[in-house]
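Take a look at the structure below.
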Protein chains: 2
Amino acid sequence: MLIDAYGETGAKVLTTAETLFAEYGYAGVSLRRITAEAGVNLAAVNYHYSDKQSLYTEILAYRLRQLSSVRLDRLAEAEARTGGGTVPLAEIVDILAQPFLQPDESILPTFGPASRRLLGRALIEPLGFLAPVLAADFQPAVARCGQALRRHLPALPPADFLWRYSFVVGALHHAAAALHDMKTLTTGLCANEDSAAALRNFRRFAVAALTSDESR
Amino acid sequence: MLIDAYGETGAKVLTTAETLFAEYGYAGVSLRRITAEAGVNLAAVNYHYSDKQSLYTEILAYRLRQLSSVRLDRLAEAEARTGGGTVPLAEIVDILAQPFLQPDESILPTFGPASRRLLGRALIEPLGFLAPVLAADFQPAVARCGQALRRHLPALPPADFLWRYSFVVGALHHAAAALHDMKTLTTGLCANEDSAAALRNFRRFAVAALTSDESR
DNA sequence: ATACGTTTCAAACATCTGTTTACTATGTTG
DNA sequence: CAACATAGTAAACAGATGTTTGAAACGTAT
């Protein structure tokens with residue numbers, strides 16, 4: 001169940017819609033398909049969420065808030081631990097990646113593969129109408145992690161740092177969206193949904209990419 | 001003009017469709033919008049390209065073939081130059097990235113920002129019906145570059161190498177799709193469409209990420 | 001000039017889209 | 001029991017969708 005503040009019907013719509021949106025994108029899914037697959041009446045979407053855009057926005061905002069909340073909590077805790085000092089670079093990378101690729105079941109119990117794919121997709125091809133949601137519920141946490149990273153690369157020109165950081169974030173989003181068919185992408189050598197391997201490799205990858213050749 | 005084997009009408013459809021598909025995705029663009037924006041009759045799409053799927057597939061396949069052709073040519077030339085030996089890692093990265101991020105005007109004169117975005121988008125969220133096109137016109141060149149890279153990382157377990165390589169490719173695709181609004185993504189610090197900066201930073205980024213810590 | 005293949009066009013086609021309406025069921029509160 | 005808000009439903013709505021049709025316009029070669 002996605003958000004248990006809704007009744008059975010509303011919740012079934014949410015989980016079904018999240019899966020379908022993650023798979024086929026916003027424009028690629030019709031309300032008739034969502035409601036049919038969820039086994040509820042067509043009008044249920046408009047009754048509970050007023051319209052299609054609001055349904056999509058609500059799902060996405062909910063997931064983004066979950067992700068950002070965990071990231072900001074962990075970052076705040078790490079900064080408190082170091083007395084406002086410098087959080088280790090590898091830890092910042094983990095704060096960015098772990099809640100996305102392998103969310104802690106005890107903290108985000110409903111954040112599954114579909115949520116990951118939905119976010120990966122929405123973050124890569126943002127629809128105009130959800131720019132406010134991204135600005136409010138996603139970018140702040142990414143920016144704060146970026147600031148924490150910046151302390152490790154003071155000699156890097158600002159623009160170069162941002163390019164590098166955007167590559168790291170881009171690779172992460174791509175990994176989140178691609179995790180579900182790594183098997184075909186690698187002709188069977190990597191397993192699907194192996195989030196542990198994804199996280200382990202991404203950590204090494206991002207740390208190496210960020211720490212290299214700081215001065216240039 | 002995209003493919004000059006078509007008449008004026010067909011060519012206008014192609015360029016307009018490429019731009020719109022790149023911006024709004026396959027399902028997000030209607031044939032009426034394409035034809036209206038191109039200033040041609042609605043039926044022109046079905047007359048010249050039989051249906052919407054074929055139009056999209058044709059555009060994408062054409063761009064993928066351009067990209068793969070340049071990559072394979074450059075790789076073959078580099079391998080010939082080294083006598084079948086090992087092509088420098090930095091050069092392989094450049095072979096992957098440069099035709100994508102900053103294609104040579106003299107070789108790919110029509111491969112512009114819209115083409116880049118279209119590919120970045122299509123590669124990130126592949127629609128089912130274009131899997132054959134990707135398998136035929138894209139993955140071979142990526143796989144060959146991967147093989148060339150592999151020689152530089154012989155100690156890395158196969159799965160770890162593939163993870164790392166997929167992160168690099170993912171970052172590249174993401175960069176290709178994001179290049180057009182880096183300005184907003186970086187609150188003005190990076191310019192839009194600055195493909196030179198993107199390429200320069202990506203080279204350093206990918207080389208560092210790939211060469212680090214080979215043995216683990 | 002006439003015939004012919006190609007291209008373009010307006011109009012219609014059937015289907016699918018998101019959304020709204022009016023109605024029924026349900027469970028809760030006075 | 002009556003009143004009521006909430007939840008769910010079938011049917012219809014207006015408009016958009018991809019696609020097809022049949023005729024008109026065009027250029028070219030006979």
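Quick note on labels: first sequence line is chain A, next is B, and so on, each numbered from 1.
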Among C:dT17, C:dT7, D:dA7, the one nearest A:R32 by side-chain distance | C:dT17
Would one find a side-chain N or O of A:T9 under 4.0 angstrom from OP1 or OP2 of D:dG8?
-> yes
Reckon A:A44 touches a base, only the sugar-phosphate, or nothing at all at heavy-atom distances under 4.0 Å?
-> nothing
Side chains of A:R63 and A:T110: donor-acceptor distance under 3.5 Å anywhere?
-> yes
How long is the line joining OH of B:Y56 and C1' of D:dT17, in whole Å?
-> 18 Å
Mind calculating the distance between CD1 (A:I34) and P (C:dC16) to the nearest angstrom?
-> 17 Å
Of A:R33 and A:S50, the one whose closest DNA chain C nucleotide lies more 5' = A:R33
Going by heavy atoms in the side chains, are B:T9 and B:Y47 under 4.5 Å from each other?
-> no
Nearest-Å distance for atom pair CG/P, residues A:L42 and D:dA11 = 13 Å
If the plane angle is over 60° it's perpendicular, under 30° parallel, otherwise tilted; pick one for B:W163 and B:F167.
-> tilted
OH of B:Y49 versus P of C:dT7: gap in Å, rounded?
-> 11 Å
Where the side chain of B:H48 is concerned, which of C:dT8, D:dG8, D:dG18 is the nearest nucleotide?
-> C:dT8
Go through C:dC9, D:dT9, C:dT17 for me and flag the one nearest to the B:A43 side chain.
-> C:dC9
Short side-chain donor-acceptor distance under 3.5 Å, B:R74 and B:S69 = no
Result for 5'-nearest mapping on DNA chain C, choosing between B:Y47 and A:Y26, is B:Y47
Which of parallel (below 30°), tilted (30 to 60°) and perpendicular (above 60°) describes B:H173 and B:F138?
-> tilted
Think B:S30 has a side-chain N or O under 4.0 angstrom from the OP1 or OP2 of D:dT17?
-> yes
When you get a sec, tell me which of D:dT19, D:dG18, C:dG18 is the closest nucleotide to the side chain of A:K52?
-> C:dG18
Take atom CG of B:L31 and atom P of D:dT20, then tell me their distance rounded to the nearest Å.
-> 11 Å
Here the distance between atom C1' of C:dT8 and atom CG of B:N41, to the nearest Å, is 6 Å
Between A:N46 (CG) and D:dA10 (P), how many Å, whole number?
-> 15 Å
